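Residue indices begin at 1 and follow the sequence shown. All of these numbers come straight from a predicted model, not from anything done at the bench.
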Amino acid sequence: MPLLDSKLKSIVNQTLAPMGVSQIRFFAQKFAQIPGIIKLTLGEPDFNVPEHVKAAAIQSIRENKSHYSDQRGIMELRTAISDYLQQRFHVSYDAASEIVVTVGATEAIFAALGSLINPGDKILVATPTFALYWPVIEIFGGIPVQVDTTADGFRLTGKHLQEVLDREGAGNVKAPVLNFPGNPTGFEYSRDQLQELADVIKQNAMYVLTDEIYAELTYGQPHTSMAELLPEQTILINGLSKSHAMTGYRIGYFVGPKDFVVNASKLHGFAVTSPSNPAQYAALEALTNGVDDAQDMRQVYQQRRDYIVPKLNALGYETALPAGAFYAFAKIPASFGLSSVEFATRLAEEAKVGVTPGSAFGAGGEGYVRLSYASSMADLQEAMARLTVFTEKMQLKIKG
């Protein structure tokens, strides 16, 4: 039997075998086991789904809308997505041929990247960022090239992009991947900054994949979509998880040029057949009668941001003010002499505050931790009180 077990292990997919689990999920689950911990780990809105959206899902069940939908999603929802994108971000997509509804933005990322990559293709990933991109790239035989943006304030500049293309060979690069507003940094590109990138991308035969799932959660500046500036080369990913607190409903979507979408929809269909009907009808309601539902959430998130970031800075954790999303990316004082994993582990065990190590977000993330402020103000206040005590103890140890 041991010999057979060894042979069986050798015949599984060798790309997947050495991959670890998501570090974001790993630390969230690990720290959640600590009694009394305050969890600032996952990007999980603490709001409930709006009542009218829940009612639409229930009504679809009552009306027996239980059969397979079109693989690309029900036409009513695709039309609502098209209208929403036009209204909010001034981009135009044909509901019939350029929009695919997916099982969350995660599946949209999977289908989009899988439809781009041939073995050996390079995909540039601006980091620190959401850590899903590079495992998916590797699953399809691509080569992820992490581009550290910390020197430019977590922004990929046109100059930096061109330097990387020159180094890697523009002909070998299928696309850069951008996530903005950013997870874990909260960074948001201005229109001029995006245009600078679009000008470089336009000169090359490549796509750009933009994950704009936090587009409704910006503070003090409107969100500009890359699709508005470069529609013929942009693959846009979005969804309802963050804007409407619908993480468990698993509804996302990707849009793009027709030829790309027709091809990518094949992979989507092979993977999931079609999205869940109740979730689709909920999303239809959200985008038809609840486009402004995120407004109240955004105001609350901004209040939390305006509380937690000054607190972090005052304690010596250098933190730039996020322009979007609901994360603070705090720099660990160098004097502590701790890696991001060591710091996060000690903070969880000694102060009972759960945060995510910056190393989980790729190149440039080491030396930082991510704190999610998608949590109640009471929890944030208690977390900062505990962090204050922890920090004072660390400083006393340093002084000896």
**Q** Taking transitive links into account, so neighbours of neighbours count too, which hydrophobic residues share a cluster with Tyr253 at under 4.5 Å side-chain distance?
**A** Val49, Val53, Ile74, Leu77, Ile81, Tyr84, Leu85, Phe89, Val91, Tyr93, Ile99, Val101, Leu236, Leu240, Met246, Tyr249, Ile251, Val255, Tyr281, Leu284, Leu287, Val291
**Q** What I'd like to find out is whether the side chain of Met384 reaches to under 4.5 Å of the side chain of Leu312, using heavy atoms alone.
**A** yes
**Q** Any side-chain heavy-atom pair from Pro257 and Tyr207 closer than 4.5 angstrom?
**A** yes
**Q** Ion pair present between Glu98 and Lys258, side-chain N to carboxylate O less than 4.0 angstrom?
**A** no
**Q** Can you give me the closest heavy-atom contact between Ala95 and Met75, atom names plus distance?
**A** CB-SD, 3.9 Å
**Q** Side chains of Thr150 and Asp148: donor-acceptor distance under 3.5 Å anywhere?
**A** yes
**Q** Could you tabulate the donor-acceptor pairs under 3.5 Å formed by side-chain atoms of residues 316-324, not counting sequence neighbours?
**A**
from	atom 1	to	atom 2	distance (Å)
Tyr317	OH	Thr391	OG1	2.6
Thr319	OG1	Tyr317	O	2.8

**Q** Is the closest side-chain donor-acceptor distance between Gln195 and Asp199 under 3.5 Å?
**A** yes
**Q** For Lys352, does the NZ atom sit with more than 12 other heavy atoms under 6.0 Å from it, leaving out its own atoms?
**A** yes
**Q** Got Ile235 and Val208 here, is their nearest side-chain heavy-atom distance under 4.5 Å?
**A** no
**Q** The test is side-chain contact (heavy atoms from CB on, under 4.5 Å); show your working for Leu165 and Met206 and say whether it passes.
**A** CA-CA 11 Å; Leu165 291 174; Met206 64 174 64; 3.5 Å; yes
**Q** I need the Gln146 CD to Trp134 CH2 distance, nearest 0.5 Å.
**A** 4.5 Å
**Q** When rounded to the nearest 0.5 angstrom, what is the spacing between CZ in Arg386 and CG in Asp379?
**A** 8.5 Å
**Q** Roughly how far, to the nearest 0.5 Å, is the CD1 atom of Ile109 from the OG1 atom of Thr102?
**A** 9.0 Å
**Q** Evaluate the criterion side-chain contact (heavy atoms from CB on, under 4.5 Å) for residue pair Arg370 and Val355; output intermediate values, then yes/no.
**A** CA-CA 6 Å; Arg370 187 192 75 174; Val355 300; over 6 Å; no
**Q** Hey, what do you get for CZ (Phe254) to CZ (Phe110), rounding to the nearest 0.5 Å?
**A** 12.0 Å
**Q** Taking atom OG1 of Thr210 and atom CG of Leu197, what is their separation to the nearest 0.5 Å?
**A** 11.0 Å
**Q** If you measure from the Lys or Arg side-chain nitrogens to the Asp or Glu carboxylate oxygens, is any gap between Arg250 and Glu107 under 4.0 Å?
**A** no
**Q** Thr224 and Glu188: which non-hydrogen atoms are nearest, and at how many Å?
**A** N-OE2, 4.4 Å
**Q** If you compare all heavy atoms of Gly120 against all heavy atoms of Ile143, which two are closest, and at what distance to 0.1 Å?
**A** O-CD1, 3.6 Å
**Q** Scan side-chain atoms only and decide if Thr41 and Thr356 contain a donor-acceptor pair under the 3.5 Å cut-off.
**A** no
**Q** Examine the side chains of Asp166 and Gln162 and answer whether a donor and an acceptor come within less than 3.5 Å of each other.
**A** yes
**Q** Okay, side chain of Asp121, backbone of Asn118: is any donor-acceptor separation there less than 3.5 Å?
**A** yes
**Q** If you take all heavy atoms of Ser372 and Gly43, which pair is closest and at what distance?
**A** OG-CA, 4.3 Å
**Q** Below 6.0 angstrom between ring centroids: does that apply to Phe343 and Phe390?
**A** yes
**Q** Taking 4.0 angstrom as the limit, do Glu342 and Arg346 come out as a salt bridge?
**A** no
**Q** For the backbone of Asp211 and the side chain of Asn179, can you confirm whether one donor and one acceptor N or O come within less than 3.5 Å of each other?
**A** yes
**Q** Under a 3.5 Å distance rule, please check whether Lys202 uses its side chain to pair with a backbone N or O of Gln233 as donor and acceptor.
**A** no
**Q** Take Thr149 and Thr127 through the side-chain contact (heavy atoms from CB on, under 4.5 Å) test and state the conclusion after the steps.
**A** CA-CA 6 Å; Thr149 65; Thr127 63; 5.8 Å; no
**Q** So does Glu216 pair up with Arg88, basic N to acidic O under 4.0 Å?
**A** yes
**Q** Using 4.0 Å as the upper bound for N to carboxylate O, is an ion pair formed by Asp70 and Arg78?
**A** yes
**Q** Just by distance, do the side chain of Asn238 and the backbone of Glu212 share a donor-acceptor pair under 3.5 Å?
**A** yes
**Q** Using a distance-only test with no angle check, is there a side-chain donor-acceptor pair under 3.5 angstrom linking Ser274 and Gln71?
**A** no
**Q** What is the minimum heavy-atom distance between Ala383 and Ile38, and which atoms define it?
**A** N-CD1, 3.7 Å
**Q** Is the closest basic N to carboxylate O distance between Asp46 and Arg304 below 4.0 Å?
**A** yes
**Q** Once the angle between the rings of Tyr373 and Phe326 is folded into 0 to 90°, is it parallel (under 30°), tilted (30 to 60°) or perpendicular (over 60°)?
**A** perpendicular
**Q** Taking atom types as modelled and ignoring hydrogens, do the side chains of Glu366 and Ser340 form a donor-acceptor contact shorter than 3.5 angstrom?
**A** yes
**Q** Does some side-chain heavy atom of Val389 sit less than 4.5 Å from a side-chain heavy atom of Lys393?
**A** yes
**Q** When you compare the side chains of Asp293 and His52, does any donor N or O come within less than 3.5 Å of an acceptor on the partner?
**A** yes
**Q** Does Lys242 reach the main-chain N or O of Ala325 with its side chain, forming a donor-acceptor pair under 3.5 Å?
**A** no
**Q** Answer yes or no: is there a donor N or O on one side and an acceptor on the other, between the side chain of His244 and the main chain of Gly290, under 3.5 Å?
**A** yes
**Q** Checking Gln302 side chain against Tyr219 main chain: does a donor-acceptor pair fall under 3.5 Å?
**A** no
**Q** Is the shortest side-chain heavy-atom distance between Ile123 and Tyr133 below 4.5 Å?
**A** no
**Q** For residues Glu285 and Asn289, is any side-chain donor paired with an opposing acceptor at under 3.5 Å?
**A** yes
**Q** Under a 4.5 Å cut-off applied to non-hydrogen side-chain atoms, are Leu380 and Leu371 in contact?
**A** no
**Q** Side chains of Ser97 and Asp94: donor-acceptor distance under 3.5 Å anywhere?
**A** yes
**Q** Looking only at side-chain N and O atoms, does Gln29 offer a donor or acceptor that is under 3.5 Å from a partner on Gln33?
**A** no
**Q** Determine yes or no for a side-chain-to-main-chain donor-acceptor pair under 3.5 angstrom, with Asn172 supplying the side chain and Glu168 the backbone.
**A** yes
**Q** Do Phe361 and Phe130 pass the side-chain contact (heavy atoms from CB on, under 4.5 Å) test, and can you show the C-alpha distance, the side-chain angles, and the key distance before you say yes or no?
**A** CA-CA 6 Å; Phe361 302 99; Phe130 183 47; 5.7 Å; no
**Q** Could you measure the distance from the CG atom of Asp152 to the CZ atom of Phe187? Nearest 0.5 Å is fine.
**A** 9.0 Å
**Q** For residues His223 and Phe180, establish whether the separation of their ring centroids is below 6.0 Å.
**A** yes
**Q** Below 4.5 Å, heavy atoms only, C-beta onward: do Leu124 and Val164 meet side chain to side chain?
**A** yes
**Q** Can you see whether Ser69 engages Gln280 through a side-chain donor-acceptor pair at a distance of less than 3.5 angstrom?
**A** yes
**Q** When you measure from the side chain of Tyr189 to the backbone N and O of Leu156, does any donor-acceptor pair fall under 3.5 Å?
**A** yes
**Q** Going by heavy atoms in the side chains, are Tyr307 and Lys311 under 4.5 Å from each other?
**A** yes
**Q** So Tyr327 and Tyr301, ring pair (Phe, Tyr, Trp, His ring centres under 6.0 Å) or not? Walk me through it.
**A** CA-CA 10 Å; Tyr327 307 108; Tyr301 289 140; 9.5 Å; no
**Q** Restricting to non-hydrogen atoms, name the atom on Ala348 and the atom on Ile37 that form the minimum distance, rounded to 0.1 Å.
**A** CB-CD1, 3.9 Å
